[in-house]
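The structure appears right after this line, and notes come after that.
The first residue of the sequence shown is numbered 1, and numbering continues consecutively from there. Keep in mind it's a predicted model, so treat the numbers as computed, not measured.
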Amino acid sequence: MGILEDKSRARLFYKYLSTVYDRVNPFIWNEEMRAEALELLDLDPDDRVLDVGCGTGFGTEGLLEYTEDVHGLDQSIHQMEKAFEKFGRTDDVNFYRGDAERLPFADDSFDAVWSSGSIEYWPNPVDALEEFRRIVEPGGPVLVVGPNYPSSSVFQRLADAIMLFYDEAEADRMFADAGFDDVRHVTMGPSYNPDIAITTLARVPTR
């Protein structure tokens, strides 16, 4: 387990990163990548969507282009304060402080879940994915963007020491263990590294 796959360390990390996050983020996760991922999610205008690990609201902003019923959840109050400045606390988006592995919502509360740049910090990713399956209506989409596993053995060792990086096979395992059976992956990234991110789309099984 990487050093940042610890909730208290991740909160401390984002306390300081929040001050520069919106300036640094475009070099890793930019608007073109977000647009590509949003097209995969294929939202309807009246869909109720939860952004898990919403941070400063970069993904949230994209979701609002597709539906007005957007909700954001994050464990870092420092990141969320930046999102409040953009959207208000309950104006354009309803925000909640919470844990991806223990979501404070009833079963089948949402039409879809989006999560970008968050899974790499979860100590127990399958637990969070099970929560996503629980709160999304049967047949609804779940989309998760995370860091693709490096091909270089040197960078693999570095990645493993920091946080969760994973490939398609590991994503398949995690989503299958969480109860998903319709899973596909797309790699994406900026021009200097077009495979830096792995985007996984799955649908909640119909009961």
Side-chain angles (χ1 to χ4, degrees), residues 25-26 28-74 79 83 86-87 92-96 98 100-101 103 105-122 125-126 128-148 164 166-168 170-172 174-176 178-190 194-207:
N25 189 52
I28 303 170
W29 174 233
N30 58 38
E31 291 185 5
E32 291 77 13
M33 296 164 66
R34 182 183 67 186
E36 184 179 353
L38 283 164
E39 286 298 310
L40 294 173
L41 194 56
D42 192 26
L43 295 173
D44 291 328
D46 59 348
D47 279 345
R48 187 172 193 247
V49 184
L50 177 66
D51 182 359
V52 176
C54 62
T56 64
F58 181 72
T60 314
E61 184 178 29
L63 291 168
L64 286 168
E65 296 176 6
Y66 289 80
T67 175
E68 296 181 355
D69 197 356
V70 178
H71 304 254
L73 177 140
D74 204 283
Q79 288 281 84
K86 299 174 184 176
F87 309 107
D92 297 327
V93 180
N94 288 306
F95 287 103
Y96 315 83
E101 296 173 7
L103 295 175
F105 307 106
D107 295 359
D108 305 340
S109 296
F110 294 90
D111 297 293
V113 160
W114 161 285
S115 183
S116 54
S118 183
I119 187 175
E120 56 263 40
Y121 303 104
W122 304 340
V126 172
L129 294 175
E130 287 176 342
E131 281 288 88
F132 290 7
R133 180 170 56 82
R134 179 184 66 80
I135 67 164
V136 173
E137 292 187 348
V142 167
L143 185 143
V144 176
V145 183
N148 200 11
L164 175 66
Y166 57 96
D167 57 15
E168 291 189 9
E170 178 63 6
D172 281 336
M174 292 189 295
F175 275 80
F180 292 92
D181 55 14
D182 181 9
V183 181
R184 63 188 179 106
H185 315 285
V186 177
T187 55
M188 55 182 64
D195 298 321
I196 196 172
I198 179 169
T199 297
T200 301
L201 177 69
R203 288 196 175 272
V204 174
T206 55
R207 302 185 183 97

Q.
Could you work out, with ring-ring contact (aromatic ring centres under 6.0 Å, His included) as the rule, every residue matching Phe110, not counting sequence neighbours?
A. His71, Phe105
Q.
Which residues pass the side chain to side chain contact (heavy atoms under 4.5 Å, CB included) test with Asp107, not counting sequence neighbours?
A. Arg134
Q: Using a 4.5 Å cut-off on heavy atoms from C-beta on, say whether the side chain of Val52 contacts that of Trp114.
A: no
Q | Nearest heavy-atom neighbours spanning Ile198 and Ala171 | A | CD1-CB, 4.4 Å
**Q.** Test side chain to side chain contact (heavy atoms under 4.5 Å, CB included) applied to Glu36 - qualifying residues, sequence neighbours left out
**A.** Val186, Met188
Q: Could you tell me which residues satisfy side-chain hydrogen bond (donor to acceptor under 3.5 Å, both in side chains) with Arg133, sequence neighbours excluded, listed by chain and number?
A: none
Q. Looking at NE2 of His185 and CG of Asp172, how far apart are the two atoms once the value is rounded to the nearest 0.5 Å?
A. 3.5 Å
Q | Side-chain touch Phe132/Leu50, heavy atoms, less than 4.5 angstrom | A | no
Q: Only counting residues at least two apart or in another chain, list the ones meeting side-chain hydrogen bond (donor to acceptor under 3.5 Å, both in side chains) with Ser115.
A: none
Q.
Under the rule for salt bridge (charged side-chain N to carboxylate O under 4.0 Å, His left out), what residues qualify as partners of Asp108, not counting sequence neighbours?
A. Arg207
(Q) For residues 43-62, which residue pairs pass the salt bridge (charged side-chain N to carboxylate O under 4.0 Å, His left out) check, not counting sequence neighbours? (A) Arg34-Glu61
Q | Partner set under side chain to side chain contact (heavy atoms under 4.5 Å, CB included) for Asp182, not counting sequence neighbours | A | Arg203
Q: Tell me, please, which residues at least two apart from Thr67 pass side-chain hydrogen bond (donor to acceptor under 3.5 Å, both in side chains).
A: none
**Q.** Set of side-chain hydrogen bond (donor to acceptor under 3.5 Å, both in side chains) partners for Asp195, sequence neighbours left out
**A.** Thr187
**Q.** ring-ring contact (aromatic ring centres under 6.0 Å, His included) partners for Phe87, two or more places apart
**A.** none
Q. Where do Ala112 and Leu43 come nearest, in terms of heavy atoms and distance?
A. CB-CD2, 3.8 Å
